[in-house]
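Down below is the structure, laid out as structure tokens.
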Protein chains: 4
Amino acid sequence: MFADNGYHDALVDEISKRTSMSKGGLYFHFPSKENLFFAVMDRLANKLVRRAEKAVDKAESPLEAAEAALEAVLTALSKQKRLARLLITQGYSMGNAFETKRAEVFDRFAKIIRDQLDEAQITGQIKKIDTDLASRVWLGAVNEIVVHWLFSGGQTPNDAAPDLKALLMNSVQGDISVKSNKGGSQ
Amino acid sequence: MFADNGYHDALVDEISKRTSMSKGGLYFHFPSKENLFFAVMDRLANKLVRRAEKAVDKAESPLEAAEAALEAVLTALSKQKRLARLLITQGYSMGNAFETKRAEVFDRFAKIIRDQLDEAQITGQIKKIDTDLASRVWLGAVNEIVVHWLFSGGQTPNDAAPDLKALLMNSVQGDISVKSNKGGSQ
Amino acid sequence: MFADNGYHDALVDEISKRTSMSKGGLYFHFPSKENLFFAVMDRLANKLVRRAEKAVDKAESPLEAAEAALEAVLTALSKQKRLARLLITQGYSMGNAFETKRAEVFDRFAKIIRDQLDEAQITGQIKKIDTDLASRVWLGAVNEIVVHWLFSGGQTPNDAAPDLKALLMNSVQGDISVKSNKGGSQ
Amino acid sequence: MFADNGYHDALVDEISKRTSMSKGGLYFHFPSKENLFFAVMDRLANKLVRRAEKAVDKAESPLEAAEAALEAVLTALSKQKRLARLLITQGYSMGNAFETKRAEVFDRFAKIIRDQLDEAQITGQIKKIDTDLASRVWLGAVNEIVVHWLFSGGQTPNDAAPDLKALLMNSVQGDISVKSNKGGSQ
DNA sequence: CATGAATGAGCATTCATTCAT
DNA sequence: GATGAATGAATGCTCATTCAT
């Protein structure tokens with residue numbers, strides 16, 4: 001319901017009805033609607049994080065790991081529009097209190113990517129870049145693709161994945177030294 | 001007020017007080033609170049779009065133009081936190097009706113970038129990529145940098161601009177060396 | 001409604017219905033239910049205080065004035081059970097916030113009596129006593145008579161008035177000096 | 001908890017916690033919260049009544065007995081603010097159901113005083129008065145002194161006792177000198 | 001055109017009481 | 001007898017919108 005209606009328009013009454021749990025019961029387990037929303041968000045974020053981590057573990061190089069994590073997230077979100085809506089937009093209607101939570105969740109994903117980029121940098125797979133910034137660029141790109149899919153009905157994140165991965169890989173691999181070398185860009 | 005409190009928590013009563021316009025007057029000019037918010041958003045988005053377009057006009061190559069548009073937006077948002085908040089997050093609290101508007105505004109910016117990337121592709125400055133997707137990647141990256149700045153108090157978009165531009169340029173495999181011929185993009 | 005059901009059980013919804021004023025209208029004029037209750041209480045207390053003061057003004061001696069004030073209050077309360085209930089018991093259900101208001105209202109009546117007793121003392125109509133304490137004794141006595149009438153359905157305060165006045169007059173006139181023969185009463 | 005928070009704001013959950021008795025257990029022993037409150041009230045009222053009766057028993061004359069009962073009550077309440085609050089004000093928040101109980105408790109105290117005044121009248125210690133009314137006057141005076149102490153932080157009932165007793169004795173026109181003179185009371 | 005008092009549907013939260021274990 | 005999770009009716013307050021003046 002949070003995913004469908006947004007935080008604000010998901011009524012506790014309705015949640016109570018649809019979960020077959022009395023309102024009192026709901027409030028026995030969750031001190032507030034806000035807390036309930038965060039609990040849902042945590043649970044789903046955890047699942048998605050684990051999926052990304054698993055993809056990372058299976059990969060053979062840091063860069064492949066980052067790519068795999070990306071793919072895992074894109075696939076999961078494509079399959080579950082609701083998950084995407086919940087994690088990406090529907091919390092905002094909560095008001096400013098949501099910002100902290102959003103930051104927390106996004107940080108977790110940013111860290112996964114950043115860690116791989118850091119590793120890739122150490123192993124020389126990519127050049128010296130601001131990996132923190134790069135991880136945010138990746139995340140932002142994914143976020144926007146998902147939002148565009150959700151709001152404007154464009155191609156699914158999964159369909160966009162190949163090109164998206166290419167663009168993001170380029171972003172951290174592009175030989176910026178070129179700037180001065182003037183050689184071919186690839 | 002929308003920027004500070006979000007759509008939902010910006011009360012019409014309060015808006016009426018702070019604008020020294022009676023509530024009746026407000027409703028005479030705007031059919032609804034939603035409409036008022038969109039009017040504010042349009043006005044500010046227009047300004048920002050014009051700024052980006054002006055930057056594009058001054059640039060000497062499509063790629064420089066895309067970069068300049070990026071820079072213009074980053075600078076404007078960095079200088080006006082409220083503008084950033086309003087355009088980027090505070091509308092969500094309106095509920096699902098916001099999605100369309102958000103898409104509309106983002107599309108305008110995406111178009112500016114995409115047009116330049118298309119041009120750059122034609123002129124061979126960048127290789128063949130999905131420019132629509134790329135424009136979204138750029139936009140998403142900017143969006144995320146801004147949100148991170150707003151929510152977590154990281155570096156301003158303006159400070160992140162140089163590295164960000166490098167990453168995004170790389171993403172489209174632009175041979176930035178062109179730039180070095182002429183010095184910085186500004 | 002406050003008088004009949006007590007503060008807590010007087011529902012705002014019901015008040016709205018019975019006053020033919022919308023709930024919003026109610027809250028436009030009174031910031032809270034508590035505030036509304038106090039407003040009602042003030043208005044009624046004012047009326048009753050004025051009545052007591054008028055009685056005082058007409059009297060020819062301080063002691064007669066005190067007696068007249070007493071009588072005025074007893075008569076008014078006897079005629080309006082609701083007034084009695086409201087001022088004397090129904091606020092308590094508000095919780096501890098009521099205490100201050102109760103004290104304020106009772107102090108106003110205590111002052112009227114105390115002023116007359118002070119005057120009477122100066123003019124030698126009564127002996128030297130603690131007039132503040134005496135005023136509270138009077139007030140407490142009236143209060144209890146009223147409560148007993150309200151709760152147990154005994155004689156009306158008005159019917160009890162003659163004997164009550166005699167007792168209270170005695171309380172401040174009796175020749176306590178007698179006690180000094182033996183020292184304190186303990 | 002009833003004394004501190006009032007009937008309404010003393011939550012059964014909280015009572016359960018602070019008594020280390022489960023809510024189920026509480027409800028096994030007491031059919032309702034109301035019933036529990038009355039049980040507490042009865043127990044404390046009993047104690048106080050016994051204390052008053054003991055004081056009466058020790059006294060040597062009816063009038064002294066009444067005075068002693070008064071003193072016993074004032075002392076007990078002064079020493080235990082909570083007892084005072086419980087018996088005197090905190091029940092009101094229960095709503096109208098409290099009235100009967102309040103009347104019952106006050107009647108017990110009224111009876112103790114009235115019995116002594118009746119006796120004193122028979123033995124000629126005081127002149128002919130409405131002893132029922134007088135007992136209520138006494139009780140009301142005590143009540144008001146206590147409430148004023150509780151709410152406004154005035155002098156303790158105990159400190160007010162000497163003057164209060166004098167005033168109340170005067171009210172029934174008891175010629176206190178009688179205690180030693182033993183002559184005709186008028 | 002402007003005003004602002006009035007409207008009333010809407011909603012999160014509370015808490016005495018129950019009852020399966 | 002004891003437990004405490006579950007119940008759900010109850011309620012104060014909000015706020016976008018209206019409309020008589």
Side-chain angles (χ1 to χ4, degrees), chain A residues 5 7-17 19-37 93-95, chain B residues 1 5 7-17 19-37 93-95 97, chain C residues 5 7-17 19-37 93-95, chain D residues 1 5 7-17 19-37 93-95 97:
Chain A
N5 307 326
Y7 174 81
H8 187 260
D9 292 335
L11 308 188
V12 176
D13 268 285
E14 201 66 24
I15 293 172
S16 158
K17 249 169 239 162
T19 54
S20 307
M21 169 168 269
S22 70
K23 236 180 328 174
L26 234 37
Y27 275 91
F28 181 79
H29 292 290
F30 303 94
S32 67
K33 181 183 173 183
E34 202 168 297
N35 182 288
L36 170 60
F37 177 79
S93 75
M94 198 171 87
Chain B
M1 296 195 56
N5 308 326
Y7 174 80
H8 187 261
D9 292 336
L11 310 186
V12 175
D13 267 286
E14 204 65 28
I15 294 172
S16 157
K17 251 171 237 161
T19 54
S20 305
M21 169 170 272
S22 73
K23 246 191 309 181
L26 234 37
Y27 273 90
F28 179 78
H29 293 291
F30 303 94
S32 71
K33 180 184 175 183
E34 206 167 291
N35 182 287
L36 170 60
F37 176 79
S93 73
M94 198 169 87
Chain C
N5 307 326
Y7 174 81
H8 187 261
D9 292 336
L11 308 187
V12 175
D13 269 289
E14 201 65 27
I15 293 173
S16 157
K17 249 170 241 160
T19 53
S20 306
M21 169 170 268
S22 71
K23 230 175 339 166
L26 234 38
Y27 274 92
F28 181 79
H29 293 289
F30 304 94
S32 68
K33 181 183 172 183
E34 202 168 296
N35 182 288
L36 170 60
F37 176 78
S93 73
M94 196 170 88
Chain D
M1 296 192 57
N5 308 328
Y7 174 82
H8 187 261
D9 292 336
L11 310 185
V12 176
D13 267 286
E14 205 65 27
I15 293 171
S16 158
K17 250 170 238 158
T19 53
S20 306
M21 168 169 272
S22 71
K23 247 193 306 185
L26 234 37
Y27 274 89
F28 178 78
H29 293 291
F30 303 93
S32 70
K33 181 184 173 184
E34 206 167 291
N35 182 288
L36 170 59
F37 177 79
S93 74
M94 198 169 88

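The nearest whole Å value for the distance from the NE2 atom in D/His8 to the C1' atom in F/dT11 is 10 Å. Computed from coordinates, the C/Tyr27 OH to F/dT11 P distance equals 12 Å when rounded to whole Å. Look at NZ on A/Lys23: it is 13 Å from P on F/dT11, rounded to the nearest Å. What separates CD1 of A/Ile15 from P of F/dG8 is a distance of 17 Å, to the nearest Å. Distance OH (B/Tyr7) to P (F/dC15): 13 Å, rounded to an integer number of Å.
Residues B/Leu36 and B/Val12 form no side-chain contact, since every pair of their non-hydrogen atoms from C-beta on lies 4.5 Å or further apart.
Considering every non-hydrogen atom in both D/Ala97 and D/Met94, the closest pair reads C-CE, 3.5 Å. Here the closest non-hydrogen pair linking C/Ser22 and C/Ser16 is C-OG, 3.7 Å. The two residues B/Met21 and B/Gly25 make their nearest non-hydrogen contact at SD-C, 3.9 Å.
Among the protein residues, C/Val12 comes within range of the sugar-phosphate backbone only, with heavy atoms under 4.0 Å from sugar or phosphate atoms but none that close to a base. Looking at heavy-atom distances under 4.0 Å, C/Ser16 makes no contact with the nucleic acid at all.
How far NZ of A/Lys33 is from CD1 of A/Ile15: 6.5 Å, rounded to the nearest 0.5 Å. Atoms CE and CG, from D/Met1 and D/Leu11 in turn, are 6.5 Å apart once rounded to the nearest 0.5 Å. Rounding to the nearest 0.5 Å gives a distance of 11.0 Å between NZ of D/Lys23 and CD of D/Glu14.
Nearest-nucleotide positions on DNA chain F place D/Phe28 closer to the 5' end than the other of D/Phe28 and C/Leu11. DNA chain F is contacted by both A/Ser22 and C/Glu34; A/Ser22 maps to the nucleotide lying nearer its 5′ end (nearest heavy atom per residue). Projected onto DNA chain E by closest heavy-atom contact, B/Gly25 and D/Gly24 fall at different nucleotides, the more 5' of which corresponds to B/Gly25. Each of A/Asp13 and B/Met21 has a nearest nucleotide on DNA chain E; the 5'-most of these lies closest to B/Met21.
Chain B approaches DNA chain E over the interval E/dC1 to E/dA6, counting the first and last nucleotide 5' to 3' with an atom under 4.0 Å from its heavy atoms.
Side chain of C/Ser93 to main chain of C/Tyr7: a donor-acceptor pair is present (N/O by atom type, distance under 3.5 Å, no hydrogens or angles).
In this model, the phosphate group of F/dA16 is approached by a side-chain N or O of B/Lys33 to a distance below 4.0 Å at OP1 or OP2.
For the strand DNA chain F, secondary-structure stems (runs of at least three Watson-Crick or G-U pairs, all distances below 3.5 Å) span E:2-21 with F:2-21.
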